[in-house]
Chemist: 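What follows is a structure written as structure tokens; I'll ask about it next.
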Number of protein chains: 2
Amino acid sequence: MRNPWGQGERLRLEILEAAARLLSELGGEQGLTIRGVARAAGIAPASIYQHFADKSALVKGLIDYDYEQLSAAMSAAEEQCPEDAPLDRVRAQMKAYCQFALDSPGHYRLMINNRPVSRTGPLIGIVRQMIEGFERCERAGVRLRIPPQRAAVMVFVGTHGRVALWHASEDPTHAHAILDFVDELVSLVTE
Amino acid sequence: MRNPWGQGERLRLEILEAAARLLSELGGEQGLTIRGVARAAGIAPASIYQHFADKSALVKGLIDYDYEQLSAAMSAAEEQCPEDAPLDRVRAQMKAYCQFALDSPGHYRLMINNRPVSRTGPLIGIVRQMIEGFERCERAGVRLRIPPQRAAVMVFVGTHGRVALWHASEDPTHAHAILDFVDELVSLVTE
DNA sequence: CAAGTCAGTGAACGATCGTTTGGTGACTGG
DNA sequence: CCAGTCACCAAACGATCGTTCACTGACTTG
């Protein structure tokens with residue numbers, strides 16, 4: 001008997017990567033089909049079902065895959081900032097969030113719209129990360145106009161709104177405008 | 001020859017209203033089909049094509065219909081506020097915007113996602129309305145922390161972000177939380 | 001009354017989708 | 001070598017979709 005975790009798991013990942021590639025090309029979940037993913041992965045549609053129970057399982061796997069990428073990007077951006085500049089760390093985190101949304105609009109929309117924003121979902125984890133960031137700011141002496149929880153929600157929600165409208169735009173302004181918006185949001189919640 | 005603008009235009013409206021009803025029930029454009037609209041309107045699917053060239057024309061008509069409703073609701077809310085309280089007028093406008101998005105999530109998402117946010121689109125008109133509101137505030141002596149254009153964009157974008165996340169939530173908090181968020185946004189851009 | 005116009009319809013076409021099935025070929029342990 | 005296991009696939013099924021077409025019946029016009 002062959003080891004089911006050797007080739008098996010590797011192909012599962014290859015399918016997810018093919019799905020991610022396809023979603024990036026499509027720019028939306030319209031057209032993200034079993035047949036399309038199979039074509040992108042170079043296998044037969046029926047083979048998908050060897051690794052995923054059904055389409056919703058594949059989409060769920062893809063979303064988990066994407067959240068890992070986003071979370072890693074945000075952590076990396078944070079750790080690239082000096083420890084003694086907590087506000088810069090918050091800004092860097094949020095800008096990494098934006099960069100992901102700008103680079104992969106299809107993925108971003110899929111994550112937001114196809115995964116209920118529950119109190120235990122991955123999005124809430126990101127917000128909590130932001131809250132901790134603002135709490136560190138306050139402890140470091142940064143004056144906030146509102147409590148750190150509210151500041152984090154405000155910056156996060158505002159950023160999401162800006163990114164969502166950018167996605168809906170037919171004439172996307174340059175990315176730096178979205179990143180500047182993050183700075184503007186942060187400066188609004190600080191004194 | 002019968003007058004083509006008698007029964008004809010009336011049935012066009014009935015189809016649009018049936019489509020609006022269906023979209024409200026569905027909660028999303030998934031399932032908003034020619035066949036479904038025809039069933040909701042009590043006619044045959046083929047009859048739709050007597051009034052709309054194709055499905056995209058019907059959707060476009062529905063979106064226009066929705067923007068009229070939203071714009072009217074915002075204007076009505078504004079005019080219900082006293083003339084000498086410009087900040088309250090801005091708040092009332094934005095809350096009417098929220099109320100529409102909360103009452104008709106399917107319509108709201110359709111409007112945002114299926115109509116490119118161009119410099120001449122209906123959404124920009126709403127933003128412009130907000131800008132004028134904040135300019136009136138400034139002339140009336142209200143102190144803003146940022147220029148009125150930026151304040152309007154900030155409040156509008158933040159509100160959209162909050163509403164969009166509410167739509168994605170599986171456990172929708174009560175509507176007043178979203179309306180409070182508008183107040184919080186306004187208080188952030190004022191001194 | 002006859003001719004013409006037009007909204008409305010039932011039935012079908014072609015495409016696309018998720019999913020299932022039965023079989024094939026490569027590889028395994030004994 | 002042989003029986004067993006498993007990944008993989010071609011083909012098909014059933015459903016749903018947008019759209020087209022030939023036809024009908026009611027109405028208007030002359």
Side-chain angles (χ1 to χ4, degrees), chain A residues 1-23 25-65 106 109-110 113-115, chain B residues 1-23 25-65 106 109-110 113-115:
Chain A
M1 180 167 79
R2 287 205 318 200
N3 177 9
W5 296 104
Q7 282 272 42
E9 194 63 3
R10 201 176 60 98
L11 267 175
R12 200 189 119 100
L13 248 179
E14 273 181 25
I15 291 174
L16 282 180
E17 280 163 5
R21 236 177 308 140
L22 179 63
L23 181 56
E25 287 171 14
L26 292 171
E29 63 177 309
Q30 196 86 359
L32 184 68
T33 67
I34 291 279
R35 289 171 146 92
V37 171
R39 204 180 316 121
I43 60 177
S47 303
I48 303 275
Y49 293 89
Q50 296 276 338
H51 306 275
F52 298 93
D54 52 15
K55 188 190 176 183
S56 78
L58 182 136
V59 171
K60 178 164 156 30
L62 179 56
I63 292 176
D64 289 342
Y65 178 85
R109 278 196 289 230
L110 186 71
N113 295 326
N114 282 56
R115 176 66 64 90
Chain B
M1 182 166 80
R2 286 203 319 198
N3 177 8
W5 295 107
Q7 282 271 46
E9 194 65 1
R10 202 178 60 99
L11 267 174
R12 202 191 117 99
L13 247 178
E14 275 181 25
I15 291 174
L16 281 180
E17 280 162 6
R21 237 177 308 140
L22 179 62
L23 181 56
E25 287 171 14
L26 292 171
E29 63 177 310
Q30 197 85 0
L32 184 68
T33 67
I34 292 280
R35 289 170 146 93
V37 172
R39 203 181 316 121
I43 60 178
S47 302
I48 303 276
Y49 293 88
Q50 296 275 340
H51 305 275
F52 299 92
D54 52 15
K55 189 192 176 183
S56 78
L58 182 136
V59 170
K60 178 164 155 30
L62 179 56
I63 292 176
D64 289 343
Y65 178 86
R109 278 197 287 233
L110 187 70
N113 295 327
N114 282 56
R115 177 67 62 90

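Chain letters run A, B, ... following the sequence lines, proteins first, then strands; residues in each count from 1.
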Chemist: My understanding is that only residues two or more places apart in sequence, or in another chain, count here; which of them pass side-chain contact (heavy atoms from CB on, under 4.5 Å) with B:E14?
Modeler: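 Partners of B:E14 by the side-chain contact (heavy atoms from CB on, under 4.5 Å) criterion, ordered by chain and then number, come out as B:R10, B:L11.
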Chemist: Rounded to the nearest 0.5 Å, how far apart are CD1 of A:I63 and CG of A:L23?
Modeler: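 That separation rounds to 9.5 Å.
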Chemist: In whole angstroms, how far is the C1' atom of C:dG10 from the CD1 atom of B:I48?
Modeler: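 Roughly 15 Å, once rounded to whole Å.
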Chemist: To the nearest 0.5 Å, tell me how far B:S47 OG sits from B:I34 CD1.
Modeler: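 So the OG of B:S47 and the CD1 of B:I34 are separated by 11.0 Å.
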Chemist: Rounded to whole Å, please give me the gap between CZ in A:F52 and P in D:dA7.
Modeler: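 Whole-Å distance recorded here is 14 Å.
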Chemist: Under 3.5 Å, side chain of B:R109 to main-chain N/O of B:G27, donor-acceptor pair present?
Modeler: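 Side chain of B:R109 to backbone of B:G27, a donor-acceptor pair under 3.5 Å: yes, one is there.
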Chemist: Output the distance between atom OH (A:Y65) and atom CG (A:L13), rounded to the nearest 0.5 Å.
Modeler: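 Going from OH on A:Y65 over to CG on A:L13, the span is 7.0 Å.
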Chemist: Rounded to whole Å, please give me the gap between CG in B:L11 and C1' in C:dT9.
Modeler: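 The answer, rounded to whole Å, is 14 Å.
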Chemist: Would you say B:S47 reaches C:dA7's phosphate, i.e. side-chain N/O to OP1/OP2 under 4.0 Å?
Modeler: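 Answer no for this pair, as no side-chain N or O of B:S47 is under 4.0 Å from OP1 or OP2.
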Chemist: Any chance you could measure B:L22, atom CG, to B:E17, atom CD, to the nearest 0.5 Å?
Modeler: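 One gets 13.5 Å once the value is rounded to the nearest 0.5 Å.
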Chemist: So, OP1 or OP2 of C:dA7: does either fall under 4.0 Å of a side-chain N or O from B:Q50?
Modeler: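 For C:dA7, OP1 or OP2 has a side-chain N or O of B:Q50 closer than 4.0 Å.
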Chemist: Between atom CD in B:E14 and atom P in C:dA7, what is the gap in whole Å?
Modeler: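 That distance rounds to 15 Å.
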Chemist: Do nucleotides 12-25 of chain C as a string where each nucleotide becomes B, S or -: B if the base has a protein heavy atom under 4.0 Å, S if just the sugar-phosphate does, - if no protein is that close.
Modeler: B----BBBBB----
Chemist: Check this one for me: any side-chain N or O of A:H51 less than 4.0 Å away from OP1 or OP2 of D:dA7?
Modeler: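 Looking at the OP1 and OP2 atoms of D:dA7, neither is under 4.0 Å from any side-chain N or O of A:H51.
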